[in-house]
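These numbers come from the heavy atoms of this one structure, side chains and all, not from hydrogens, waters or symmetry mates. Not measured: the values here are computed from a predicted model.
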Amino acid sequence: MQLSDELIQIYNNLPQDIGILSSKNKLIYTNSSWIQNLKKCASENIYSEINAEWPNPLLQLNDKQLDHSLRLAIHKAQSAHQPTSEIHTDISLLGYQHKVNFFISPIKFNGIGFTLISIQISMDPLSGGTQSILLGRDEGILLNSLLEGVVIQDANGVIIANNSASENILGLTSNQMRGLDNADPNWGTITEHGEPCPPEDHPSSQAISKGVPILDFTMGINKPDGGISWLKINSQPIFQKNQSKPTMSVTSFVDITVERHRQKQLTEVTKRLQLTLDAAEIGIWEYSLKTKQLVWDDTMFSIFETNKHDFTHQLTDFAEHVHPDDKQGILAEFKQALTEGNNLVSEFRIINNQKQIRHIYVAGSMIHGKKGEGNTYIGMNRDITDEKQVQEKIKESRNKLISFIADLPAGVCSVVNKKVSLNVRAEHITGYTNEQIADINDFWDKVFVDSRDTSPILYESLTQTRESISNTTMQINRRDGQTRWIEFSSCKFEDGQAWVMIDVTDKIEAENNLKQLAYFDPLTQLPNRTAIENNLINSIARAKRHASKLGLLVIDLDSFKNVNDTYGHPVGDQLLVLVAKRLKESLRESDFIGRIGGDEFMVVIEDIIDDEQLMYVSNELIKRFSVPIELVGKVTMPLKNSISIGACVYPEHGKDAVTLFRNADTALYKAKSRGKDRAQLYMHEFTLALESKLSLEQHIDNAIETNDFTVFFQPIVNCQDNQIVSVESLIRWSHPELGMIPPDRFIPVAEASGKIIKIGKWVLRKACEEFMAWQKRNIQLDYIAVNLSPMQFKDVSLLDDIQDILSATGLAPNNLVLEITEGVLVRNDSITKNTLLKLKALGIRLAIDDFGTGYSSLAYLKYFDVDILKIDRSFIKDIPDDSVDIQITGAIISMAKNLNLHVVAEGVETTDQLNFIQDNHCNTYQGYLKSPAISSADFVALFQTD
Ligand SMILES: Nc1nc2c(ncn2[C@@H]2O[C@H](COP(=O)(O)O[C@H]3[C@@H](O)[C@H](n4cnc5c(=O)[nH]c(N)nc54)O[C@@H]3COP(=O)(O)O)[C@@H](O)[C@H]2O)c(=O)[nH]1
């Protein structure tokens, strides 16, 4: 086959690869594009060689399947005498994907069959150009086999020929096209910038006018359907032999509307991607495994701070910037990624031009060819120095925080994914190390006292990260078995929680101790007065609510003072502890027992039926205390201490705590005054008596001021001759409204209120004054006796006052007898002892009043050198009828004689009594037989008439 020069020019200017096979499938022609692409593809292993002999491989493709498909397609086209374009494939060329279409067309040329193969690669569809010639029929067929539009114009731009592809692309038939020139207004051409394209700028016009090919010209043509077709146009001037000016132009074009649209989109996406990469300062690099060439984008150069011109595309360009300590590692990683085709993710350091160390993040992956072979390794680099520095600072802060937390006095636990981690202090508080705790549930079971059942909300909050907890005081079990109190707070975070534990055991114990001190008696550990009052208030409220009764007992230990005085306070304390113990043992657990103070206790018994039941309980208690209490320790002995009880009932005897207390106290006082060792239920008349006692107290104050008190005198008579030898002064109170108030009534009130001190001093002065007045009237008496209350010994100025009165009145101490009771003698306090001894030392005589009713201790009589014994009236009263009284009185007189004591018998009212004491050699007597206590004037008269 002999192709005309013109057709060869056309083929050589087409972008497709054009090849023509002979009828024997021998490749008899290839255009320039085929040859060029073959070179390119050969380097990319797409086509390896051309072998001109068929059935030997025409196109020795590395892709066996494609090779086979191509052969089949050729065979099919030849046998069906139909063109086919069914072979489409993708190839990877220089790292980019391209679409490849094989178009196979059986053609006849000069009556001989040939096969035209057109290979179009989308990458560069219009490379090459077309030259035009006037075509013969067969040559026209050859042109019509092309996918590219081709028009041939004369030197004036008038279309003289075109192929069928041009009709499709331009939307005009051949007839419509032929005869049109570039200036025809129907073209409506626009430049690639969207402006009208003047006819002289059409590529064919330029090719003719300039005589040079116009390549890759983009132009838009308004189609008859209103759309725009964008064309990529090559226009080639055609010269006739020996012509200097072109006679024709061959213009080939392809419709790139779709590609242009895609390209536009791609450009947009690429632009955006580039902007993103630029903003993120991400550098992109590419390494070809084939050429061993490294390609960097601009950002890579700015990251590495190197000059583009110094870049040689070698791996060494990269390696020379890497920090020496990281170089070997990163290169090894990179080589491994290249060899194994793995993704690469790593970090390394570089030293930039300013000799600064920068941290670089790298990520890369392999791009594979069609057969899965690695072609290119593409990756990105990012300078992460700033992030690293921030991370370092965070790490530093975290380490500081960790060491701060470790040093905190509080225990801190972090709980992440159910894993508990304790700081040193938390380990110390719980006694567990981190290794000994499996997870949060294990920690709960080991450490927290509360079970999951008793504190489900707390359990859930802690184990399920439900709620934060603040300052909850709870108990934990230490590993060593100790129970500790902790103040617990928890804080919930996104991925866990933090607990803070402060051991507050010492604080709680101190608080408990304070509470114990505030509400408990440290000696007996019983509730103290404050706690008793609180409890009584609550008990009353309960009783009120339930309309029930409650009993209140105030219990006092009889003669406790004697125990203290005789055995000392430690023994007294021990006794109180044992009394508390016995009370507890004797009562029900529900009964409330407290210590009011001193030797006084209190019991509240709720839900009693009536006062009888209360008195039954009280009397049972009295019985219990009739059994001696065994003291052990320094003093080991049984101590018999009875108790006295005052009892009252809510609501009968009081509706509030204060009233109930007061009334139980009043009842106790009554029990005591009735002889102790007994229980006394409160009665309303006690209060009346008390009230009168109180009003008496007020009257006493006035009586001294208003001289309502007077002193009477009872003669003391010699038993042998019945002569008055001495006298006893006895106070009398004549109240202007109440009349005569006996000393038995007001002396105890005066003693209880302390007013006896003032009264006693007044009586002493009066007695001394009268005695001296009588002396002046020649009434000679041995002594004048004055009663001294035990309370007066509490007055520190007693001794001074007596001395003052003696010196003021001029009474000789020897003429004064102070009458005291036995109780004063047996007192163990040094002040009383000293006072008595000093009185004796002054020369004042001492008489023991009411002898026989108290201790009757002879040892004390001797110790204090007592002068006079006064036998109590109760022994004399029934003489001579009561033989016991006769014996006692006789024994007292006899004993007193033996001790050389003067004896006075009190209350002698009959001559029989007088005879008895006379017979027993009693010294003197007092009594109505001679005279009751009388006024001073009457006494003087009696004395003078006696
Ligand atoms: N501290 C002071 N005590 C005093 C003072 N004055 C009296 N008293 C004490 O009061 C108690 C009652 O005294 P009183 O009512 O005066 O009774 C005395 C005599 O009146 C009474 N007495 C004397 N003889 C008889 C008698 O034959 N029969 C009888 N039924 N009563 C008689 O005895 C009382 C004498 O008491 P005493 O002191 O024990 O000698 C009484 O305890 C007084 O002590 C005072 O100023 N200070």
**Student:** Tell me if a side-chain donor or acceptor on Ser753 pairs with a main-chain N or O of Ala750 at a distance below 3.5 Å.
**Tutor:** yes
**Student:** Got a sec, which residues hit ring-ring contact (aromatic ring centres under 6.0 Å, His included) with Phe661, two or more places apart in sequence or on another chain?
**Tutor:** none
**Student:** Decide side-chain contact (heavy atoms from CB on, under 4.5 Å) for Val571 and Leu631; before the verdict, give the C-alpha distance in whole Å, the side-chain angles of both, and the deciding distance to 0.1 Å.
**Tutor:** CA-CA 8 Å; Val571 173; Leu631 292 178; 3.4 Å; yes
**Student:** Taking the six-membered ring for Trp, are Trp733 and Phe746 parallel (under 30°), tilted (30 to 60°) or perpendicular (over 60°)?
**Tutor:**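 Rings of Trp733 and Phe746: perpendicular, as their planes differ by over 60°.
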**Student:** Looking at Phe625, I'd like to know if the NZ or CZ of Arg582 sits under 6.0 Å from its six-membered ring centre while staying within 45 degrees of the ring's axis.
**Tutor:**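 Here Arg582 passes the 6.0 Å and 45° test against Phe625.
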**Student:** Just grab all the side-chain hydrogen bond (donor to acceptor under 3.5 Å, both in side chains) pairs involving residues 864-877, residues at least two apart or on different chains.
**Tutor:**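 The answer is Glu728-Lys870, Glu819-Lys870, Lys840-Asp867, Lys870-Gln926, Asp872-Ser874.
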**Student:** Parallel, tilted or perpendicular: which describes the rings of Phe864 and Tyr860, with under 30° parallel and over 60° perpendicular?
**Tutor:** parallel
**Student:** State, without any angle test, whether Gln475 and Arg484 hold a side-chain donor-acceptor pair at a distance under 3.5 Å.
**Tutor:**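 Looking only at side-chain atoms, Arg484 and Gln475 do not form any donor-acceptor pair under 3.5 Å.
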**Student:** With distance as the sole criterion, is a donor-acceptor pair present between the side chains of Ser789 and Glu751 under 3.5 Å?
**Tutor:** yes
**Student:** Tell me which pairs pass side-chain hydrogen bond (donor to acceptor under 3.5 Å, both in side chains) where either residue lies in residues 525-535, with sequence neighbours left out.
**Tutor:** Gln516-Gln525, Arg529-Glu533, Asn535-Ser539
**Student:** With distance as the sole test, does Asp521 use its side chain to make a donor-acceptor pair with the main-chain N or O of Arg595 at under 3.5 Å?
**Tutor:** no
**Student:** Do the side-chain N and O atoms of Thr659 and Asp656 include a donor-acceptor pair separated by under 3.5 angstrom?
**Tutor:** yes
**Student:** Can Asp558 and Ser642 be counted as having a side-chain donor-acceptor contact under 3.5 angstrom?
**Tutor:** yes
**Student:** Nearest 0.5 Å, what's the CG-CD distance between Asp610 and Gln613?
**Tutor:** 6.5 Å
**Student:** Starting from the C-alpha separation in whole Å, work towards a yes-or-no answer on salt bridge (charged side-chain N to carboxylate O under 4.0 Å, His left out) for Lys549 and Glu652.
**Tutor:** CA-CA 9 Å; Lys549 292 172 188 276; Glu652 284 93 325; 2.3 Å; yes
